[in-house]
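The next block holds one structure in the form of structure tokens; read it before the comments.
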Amino acid sequence: MESTSQTSSKNQPIAAVLLSRAHDPEETKRILTEKIQQRPLFLCPSSPPPSDARAARRREREKKRLSRKKTLKPKPLSANERRKLGLYDVPRSGQRYALFEPLHQLWLGYIREILGNEIHTGGEGAASKLTSADFHGAEVEVVRSGCVSRVGLKGIVIKDSRFTFEVVTRRNQRKLVPKEGTVFRIEVPLGGVPTATVEEGQSDEKQQQQQTEAEQPKMIFEVHGEQFQFRSADRANKKFRSHFSKIL
Amino acid sequence: MLSFPTPSVYQSSKCFVTYGVMGHLDPNQPPTKSKPWSTVAGQDFINRVELIIPQDAFEVVRKILNEKAAPEFQRVVMSLHDVLSGDFFTECIKKGNVMMLSEGRKGIDNVFTFRNGILTMLLDKEAYERAGLVGKPDGVKGKRGLKPRWVVEIDLTSSSMVPGKKGFDRLIYASKNAFNTPVTWLFCNLSSTIPNPDPLAPHSPTRCAAEPSVLENLDAMLPTLKPPVDAIGPEGREELQYFSTELYEWLSLVRLQSPRIQVGDQVDPYLCRYQVPGDGQQGKICKLTWQGFLAPSWCREILLSLVAELPSKTWFSFSTTTFSKGMAGDNSEISLFRAQGAPGEYLMWEIKSHE
């Protein structure tokens with residue numbers, strides 16, 4: 001094939017050749033010079049310079065107002081800033097399990113109040129109430145996990161973030177447990193109310209006020225961390241649908 | 001997503017034939033490290049042992065068997081927590097020499113085995129994730145990620161497996177939470193002493209003794225029972241292959257008690273074209289079968305005494321079959337044949353199944 005070059009055999013630019021197919025020679029020459037070879041390049045094509053000083057001043061004022069509004073709006077903290085502020089640090093003295101025990105009791109009372117009578121029947125009604133509940137102060141135990149070394153971890157939740165639970169264990173250790181691929185079990189003792197038995201085969205005939213913790217009837221439920229990966233604030237209004245889980 | 005069948009890599013069982021020399025047997029120092037003794041003792045959990053001998057050797061064999069006690073095993077229902085705690089753990093597992101196999105089909109249910117001090121758990125994905133013990137994926141490349149099964153191996157005789165240590169506590173936690181249902185175990189005590197009081201007694205075991213079932217005086221057509229002379233060496237490979245295949249086929253038919261090997265068998269060649277190879281000799285043979293939970297060390301001892309005490313003109317065939325290893329139910333087997341007139345030589349077939 002012949003090499004394609006800028007000039008044709010007649011030493012004309014190729015644009016001229018193409019134009020000459022459509023227009024007569026004078027038109028060709030005019031279009032070539034005005035619109036192609038001497039084409040003006042606008043540097044600021046969309047904003048024509050203001051016609052007078054008043055319009056220029058008004059434009060300045062608008063720009064300043066908008067930028068002021070933007071700086072007033074609060075931006076989320078970056079990771080470095082968060083670390084420097086130390087908002088989520090727990091000091092060594094504060095990492096004790098005994099400190100969070102009263103919080104746990106408070107949480108148990110809160111859950112019993114939310115569930116009301118559903119604590120005895122269990123099932124769908126209890127589940128929908130529990131999904132919107134807050135879990136700070138719950139005592140969770142990891143029961144099944146894709147990472148096997150996490151199984152058996154038990155502690156009180158001190159922080160419920162989007163992807164993890166931060167718990168304090170009985171041995172005063174702070175552990176960060178990811179929610180992915182993990183199943184957590186939570187037990188709620190019924191708390192000395194003389195009532196009928198509950199699920200999970202925990203049948204207790206004695207109905208005394210003073211029962212040891214092991215004998216008290218409990219409601220036990222398991223939370224699939226995979227489906228629970230929302231911040232506790234976001235979970236309040238979320239509708240949960242059943243999904244096929246890849247770990248099961 | 002839910003209805004596609006899971007692909008798998010299927011491999012059929014393979015048979016390895018060895019034609020070798022047994023070497024001199026010193027009654028004071030029974031051989032353990034050489035073939036065939038090491039292969040026989042290296043099997044796990046033998047289910048069935050079969051011995052085929054000519055009828056005139058039966059008296060000798062009966063005398064040999066009367067000297068030894070019949071192998072005993074017990075069936076007991078325990079949970080894994082019972083195995084790992086109390087007297088049973090300290091006496092039988094830590095100090096003693098026992099062998100245990102739990103019920104279940106490997107590849108489908110969760111199976112536990114205990115042998116040589118190592119507890120092996122074959123688990124499916126849910127049980128593994130609930131147990132919390134570290135293990136390795138089972139199968140070729142973990143079955144390439146589709147519904148993987150897991151193998152957990154723990155050495156229970158090591159000094160770190162004591163209540164109070166972290167590793168052992170994790171095992172106890174798993175046995176209480178993930179494996180708390182009692183299962184049926186087969187138990188075999190390999191050492192000759194039983195600690196007193198018997199630690200199995202509180203779990204009320206059922207004792208079983210594997211007595212041999214004897215089939216005497218079978219009139220059978222015998223094949224050529226001597227390996228061809230030119231079967232040795234690389235040139236004789238084909239000869240050896242033909243001979244060993246035909247002989248193994250005949251031995252299997254005897255074990256199956258097939259009517260094809262009996263004298264005077266007339267079967268329509270449309271149904272079966274099998275003919276006993278050789279020149280049509282006839283003789284009387286005898287077959288003994290032991291079935292149960294047998295130890296490979298017992299098999300080795302029986303084989304040693306047979307080789308030592310049977311006269312050199314009698315031939316015999318001894319085969320051991322293990323419990324099946326996987327879903328397909330294939331089991332591995334070792335068959336040994338000593339020809340008449342050649343007391344130092346043996347022909348061995350090892351059938352290995354792939355899971």
Side-chain angles (χ1 to χ4, degrees), chain A residues 97 139-155 163-165 167 169-173 175-189 199-203 213-215 218-229 241-248, chain B residues 1-6 79-81 84-85 108 110 112 119-138 142-155 160-161 163-182:
Chain A
Y97 187 82
E139 178 153 31
V140 300
E141 180 180 359
V142 176
V143 146
R144 177 179 167 173
S145 171
C147 168
V148 287
S149 58
R150 284 181 217 153
V151 175
L153 267 177
K154 190 167 177 175
F163 295 113
T164 67
F165 272 134
V167 299
T169 62
R170 214 165 258 270
R171 289 205 202 148
N172 299 336
Q173 277 180 323
K175 299 265 185 192
L176 192 66
V177 183
K179 288 180 185 170
E180 189 188 356
T182 325
V183 173
F184 301 94
R185 174 182 291 185
I186 299 156
E187 297 178 352
V188 180
E199 54 153 7
E200 301 292 316
Q202 288 262 11
S203 68
E213 227 196 81
E215 292 170 10
K218 296 185 230 181
M219 184 205 192
I220 305 178
F221 57 95
E222 294 191 353
V223 171
H224 289 262
E226 286 268 339
Q227 311 293 335
F228 220 56
Q229 280 170 344
R241 301 216 172 87
S242 52
H243 290 280
F244 279 117
S245 172
K246 68 174 161 80
I247 63 167
L248 293 176
Chain B
M1 173 179 83
L2 297 173
S3 60
F4 294 140
T6 51
S79 71
L80 188 63
H81 184 66
L84 295 172
S85 56
I108 303 175
N110 296 334
F112 313 120
L119 174 71
T120 309
M121 303 197 257
L122 301 164
L123 308 171
D124 62 352
K125 188 164 171 207
E126 169 157 11
Y128 176 70
E129 289 185 351
R130 281 193 183 258
L133 301 163
V134 182
K136 292 193 184 147
D138 193 18
K143 269 194 168 172
R144 292 167 177 94
L146 308 156
K147 281 238 170 95
R149 296 189 66 89
W150 297 84
V151 182
V152 178
E153 281 181 358
I154 304 174
D155 185 8
S160 60
M161 283 291 149
K165 298 262 179 156
K166 210 158 102 169
F168 193 71
D169 282 341
R170 283 190 80 90
L171 186 56
I172 294 282
Y173 172 90
S175 67
K176 277 195 207 151
N177 291 346
F179 308 124
N180 52 4
T181 49

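A note on names: the letters A, B, ... follow the listed sequences, proteins ahead of strands, and every chain is numbered from 1.
- B/A131 touches chain A through its backbone: at least one of N, CA, C or O sits under 4.5 Å from a heavy atom, while the side chain does not.
- Annotation: A/E180, atom CD; neighbour count of heavy atoms from other residues, nucleotides and ligands within 6.0 Å does not exceed 12.
- Note: A/S145 OG to B/R130 CZ = 11.5 Å, rounded to the nearest 0.5 Å.
- Considering all non-hydrogen atoms of both residues, A/V151 and B/Y173 come closest at CG1-CE2, 3.8 Å.
- When all heavy atoms of B/N177 and A/E141 are compared, the closest pair comes out as ND2-OE2, 4.4 Å.
- Annotation for A/V148 and B/L133: closest pair CG2-O, 3.9 Å, computed over non-hydrogen atoms.
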